[in-house]
Amino acid sequence: MKTAYDIIIRPVITEQSMEATDLKKYVFMVAKDANKTEIKKAVSEIFGVKVEKVTTINMDGKAKRQGRYPEGRTASYKKAVVKLTADSKAIEFFEGMV
């Protein structure tokens, strides 16, 4: 059985994801085989918040080259955008980053 920490791998810190924190939307890299209900339970358990909605996106790896060598690929991953309810508290981890 997977724990909540196996499902949520790490937060995604980008300009776009930091702007969405005002709307109580947070972005996480999650396990590829995790579904929306597992992600919702994991975020609720780890951060102690109420989750309203979860949206997932499968991100494909990009083709990359290094000099004249053959082309390689970056790793593909799954990303989840988690929206909290209006009465839920904010996630403290993201507080100082905005």
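- Every pair passing salt bridge (charged side-chain N to carboxylate O under 4.0 Å, His left out) that includes a residue from residues 74-87 is listed here, sequence neighbours excluded: K50-D87.
- Under the 4.5 Å side-chain contact rule for hydrophobic residues, L23 and V81 do not share a cluster.
- A search for side-chain contact (heavy atoms from CB on, under 4.5 Å) contacts involving Q16 returns T14, not counting sequence neighbours.
- Residue-environment remark: CD (E15) stays at or below the threshold of 12 foreign heavy atoms within 6.0 Å.
- Residues that satisfy the ring pair (Phe, Tyr, Trp, His ring centres under 6.0 Å) test with F28, not counting sequence neighbours, are F47, F94.
- Within the structure, no pair that satisfies the side-chain hydrogen bond (donor to acceptor under 3.5 Å, both in side chains) test touches residues 38-48, not counting sequence neighbours.
- Side-chain contact between S88 and E52 is absent, with no heavy atoms from C-beta onward closer than 4.5 Å.
- Of all heavy-atom pairs spanning G61 and S76, the tightest one is N-CB, 3.5 Å.
- Under a hydrophobic clustering in which Ile, Leu, Val, Met, Phe, Trp and Tyr are joined whenever their side-chain heavy atoms come within less than 4.5 Å, directly or via other members, V82 and I46 fall into the same cluster.
- Between atom NZ of residue K32 and atom CE of residue M59 there is a gap of 12.0 Å, rounded to the nearest 0.5 Å.
- Grouping the Ile, Leu, Val, Met, Phe, Trp and Tyr side chains by contacts below 4.5 angstrom, directly or via other members, places Y77 apart from V43.
- Contacts of D33 classified as side-chain hydrogen bond (donor to acceptor under 3.5 Å, both in side chains), with partners at least two apart in sequence or in another chain: K2.
- Checked against side-chain contact (heavy atoms from CB on, under 4.5 Å), A86 has no partners two or more places apart in sequence or in another chain.
- Counting only residues at least two apart or in different chains, side-chain hydrogen bond (donor to acceptor under 3.5 Å, both in side chains) contacts with residues 54-65 are absent.
- Between atom CD1 of residue I7 and atom CG of residue N35 there is a gap of 8.0 Å, rounded to the nearest 0.5 Å.
- Residues V27 and V49 do not share a hydrophobic cluster, clusters being chains of Ile/Leu/Val/Met/Phe/Trp/Tyr side chains in contact below 4.5 Å.
- When hydrophobic clusters are built by joining Ile, Leu, Val, Met, Phe, Trp and Tyr residues whose side-chain heavy atoms come closer than 4.5 Å, directly or via intermediates, I13 is grouped together with I91.
- Considering only heavy atoms from C-beta on, L84 comes within 4.5 Å of V51 through its side chain.
- The two residues S17 and V12 come nearest to each other via the heavy atoms OG-O, 2.9 Å.
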